[in-house]
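The chains referred to below are lettered A, B, ... by the order of the sequence lines, with proteins before strands, and numbering in each begins at 1.
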Amino acid sequence: MLKQMIGDESKSRRLMSLLKKRGFLQPAFEAYGGVAGLYDYGPLGGRLRRKVMQKWLDHWISLGNIVEIDSPTITPEEVLKASGHIGAFNDYASECNSCNSIFRSDHLLEGFHPNPDSLEGDSLDKELGVHKITCPTCKKIDWLPAKPLNLMFSTTIGPSNIGRKAYMRPETAQGMFLQFPSIYRHFRKKLPFGAVQMGKGYRNEISPRQGMIRLREFNMAELEYFIDPLMKIEHDLGQWDSFKLKLIPDPEGNNSEEVLLTVSDAVEMGIIRHQTVGWFMIKTFELMAELGINSELIRFRQHEGDEMAHYATDCWDLEIFGGYGWIECVGIAYRGCYDLEAHQKSSNSNELKAWREFEEHITVEKNICSPIQSKIGPIFKDKCKIITDYLELLEEIPKEFPLKILNDGIEYIIEEDMVEIKEMKITQRGEWFTPHVIEPAFGIDRIIWHILEHSHKEIPKKDDENYTLLGLKTDVAPVDFTVYPLFEKDGMEILSKKLVEKIMSMKGINANYDGSKSIGRRYARGDEVGVPFAITVDHQSLEDNTITLRERDTQTQKRMSIEDLLEFVSEYK
RNA sequence: GCGGAUAUGGUGAAGUGGUUAUCACCUGAGGUUUCCAACCUCAUGUCGUGGGUUCGAUUCCCGCUAUCCGCACCA
């Protein structure tokens, strides 16, 4: 029922017209014909976006161990090679010369090659020939050479002939991984902690469709939560036992049915494999509801093995139902140590680790055989290092001297007086390890779209027309109050403008003045863009300093003094 | 990228090989109006883009761009 209402396609179209008409959203660069996959947020949309992002930020920052960082969108190629995006976002496509159909080359080879994803252009062409793969559309074998489908926007840092190859980031996460050392110091080297980043991400989609759902440039908000995999973190999941989440575990596995479970049960049963993942799922669910997403229309879908992105070991998508069906709007992934380790290897940095102090320090007593530099120096000269390295690696003290070492075909003889047997006490207080990461990644534009869809109400009126209303939550509504003089005369307009000024001077609160056309129409105008409260100044206001406050959702009005109103406004939210 | 459909004020639509392109809503100004899209007068604003055919193209043809639907692709 609800799904039918929300899923109505023509309703989505009417919403899009409304959003364009009233300055929420519109295709970008329309004067130049527009560009698919690029959208503008207008005067109201811009503020809506800002408020959604602020709410998102507040939600996570308030946890206390989360900080916000920011990093560039232009990203050197090496970073994305290390992260695995070059490869994962660089698939090959083969075109059929006969009917011009295009397919992912590796998908064509599915079942004919153990790991078609790993193949490059030439070998893909060879394999297509060897296995006599026919075109799924026209059944012919006439493939053009496979071409890389690069889904990242490429650019050059510096003049293009000598510059460094770079891409516009496809996600914000890498910036946070590379800032790990600084965040680690900020938190005084104590896990767990997290960092968030909000910003633009870019994917050069082959064919963006579905309006705001698949964009080429989009607003992302990601959180990287760094944990010690050996440290037991206890979250109080029981506090959410009154909510049941709609889960679709392991769609390919045995339990692909939708199940309703509390978070704590799902974690207990092992359906959600990690407690912290479960905790982020419920925190995310909570945030979505606060933003105005209908919680009946939210579900979590677990990634099946081969769908999982190249880094994830457990991944849940939060999907929201709207006019386009179930759409993934948040991905919550347990990324293990993949990213930090990949950057360690590729950059040779040893700062992407954390220190784990042992509960009990381990002391090992050991005898070592240490070279006496003043003796071996004059004898071995520049070959000294070979001797030192060898002795350092010795597990036990040699039983006999002289000791013969063979290196590079040359024999070195170490006499007993060249070394000193030392007794060492080595205390191991802890160890270095690579933290694991849990990443909730949000597609802000998709969320905004669904906030708008879920709040878009069309109420049948007595006559033919519908009454259109955006039931936006006060937290995200672009305009908080509109002040209406009942008529623009007798001083009502002056008092109204004064009120607007007063309200606007309060921090973070936005008020509009609207004095044209009949009062009913003005209420309708406000309702249409989701203004939660209307303040009306009438003749009585001029006499006794009272106004009426009208609530958008109930259309009920209350008369109150301006003093009480201003107090209400100041406590608003 | 392929196939199909579409592109007319801010929105939604009508229409035409020929003088000044139509309507509703919206928007603005004035009037009227004592609380839920009322009314009156006036005003602003449109044929996606490039080319072709033609004396003349918003209309016919072709390319491009965009949108929608299917295929493919994709977080």
Taking the minimum atom-to-atom distance to the side chain of [X], which one of [options] wins?
X         : options                : result
Gln555(A) : A75(B), G28(B), C36(B) : C36(B)
Asp538(A) : C35(B), A66(B), A37(B) : C35(B)
Ala36(A)  : C35(B), G12(B), U67(B) : U67(B)
His303(A) : U27(B), A37(B), A75(B) : A75(B)
Lys21(A)  : U33(B), A37(B), G10(B) : G10(B)
Ile519(A) : A37(B), A75(B), C35(B) : C35(B)

Does the base of [N] carry an N or O that pairs as donor and acceptor with the side chain of [X] under 3.5 Å?
X         : N      : value
Glu205(A) : C73(B) : no
Tyr523(A) : C35(B) : yes
Arg22(A)  : C26(B) : no

For [X] and [Y], take the angle between the two ring planes, folded into 0 to 90°, and tell me which bin it lands in: parallel under 30, tilted 30 to 60, perpendicular over 60.
X         : Y         : value
Tyr334(A) : His436(A) : perpendicular
Tyr225(A) : Phe280(A) : perpendicular
Phe177(A) : His343(A) : tilted
Phe568(A) : Phe533(A) : perpendicular
Tyr202(A) : Phe153(A) : perpendicular

I'd like the [atom1] distance from [M] over to [N], given in whole Å.
N      : M      : atom1 : result
C64(B) : A24(B) : C1'   : 33 Å
U59(B) : U54(B) : C1'   : 13 Å
G28(B) : A66(B) : P     : 34 Å
C68(B) : A29(B) : P     : 35 Å
A5(B)  : G63(B) : P     : 12 Å
C35(B) : C69(B) : C1'   : 46 Å
C60(B) : U6(B)  : P     : 10 Å
C61(B) : C23(B) : C1'   : 30 Å

Could you give the [atom1]-to-[atom2] distance, from [X] to [N], as a whole number of Å?
X         : N      : atom1 : atom2 : answer
Asp544(A) : U34(B) : CG    : C1'   : 15 Å
Ile320(A) : A75(B) : CD1   : C1'   : 14 Å
Asn204(A) : A75(B) : CG    : P     : 14 Å
Arg214(A) : U67(B) : CZ    : P     : 12 Å
Lys489(A) : G30(B) : NZ    : C1'   : 13 Å
Leu19(A)  : C26(B) : CG    : C1'   : 16 Å
Lys20(A)  : C26(B) : NZ    : C1'   : 14 Å
Gln26(A)  : U67(B) : CD    : P     : 14 Å

Mate of [N] where both pairing distances stay under 3.5 Å, Watson-Crick or G-U:
N      : value
G56(B) : none
G28(B) : C42(B)
C68(B) : G4(B)
G9(B)  : none

At under 4.0 Å between heavy atoms, what does [X] touch on the DNA or RNA strands: base, sugar-phosphate, or nothing?
X         : value
Tyr484(A) : nothing
Tyr32(A)  : nothing
Arg14(A)  : nothing
Ser516(A) : sugar-phosphate
Gln557(A) : base
Thr468(A) : base
Arg13(A)  : nothing
Ser17(A)  : sugar-phosphate
Gly211(A) : sugar-phosphate

Inset, instruction - Could you tell me whether Lys457(A) atom NZ has more than 12 heavy atoms of other residues or ligands within 6.0 Å of it? - result: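 Count over threshold, so yes.
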Inset, instruction - Count the heavy atoms of every other residue, nucleotide or ligand shown that sit under 6.0 Å from CD1 of Ile74(A), and state whether that count exceeds 12. - result: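 Atom CD1 in Ile74(A) is not packed in, count stays at 12 or less.
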Inset, instruction - Please determine if a side-chain N or O atom of Arg521(A) lies less than 4.0 Å away from the OP1 or OP2 oxygen of C26(B). - result: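 Answer is yes, contact under 4.0 Å.
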Legend entry - Backbone N/O of Pro478(A) and side chain of Asn510(A): donor-acceptor pair under 3.5 Å: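 Checked: pair present.
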Legend entry - Result of checking Leu495(A), Thr546(A), Ile535(A) against Ile562(A) for side-chain contact (heavy atoms from CB on, under 4.5 Å):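 Checked Leu495(A), Thr546(A), Ile535(A) against Ile562(A); only one passes side-chain contact (heavy atoms from CB on, under 4.5 Å): Leu495(A).
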Legend entry - Comparing Leu18(A) and Glu319(A) on RNA chain B - which has the more 5′ nearest nucleotide: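 This one resolves to Leu18(A).
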Legend entry - RNA chain B: 5'-proximal contact among Glu488(A) and Ser518(A) (nearest heavy atom):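 Result: Glu488(A).
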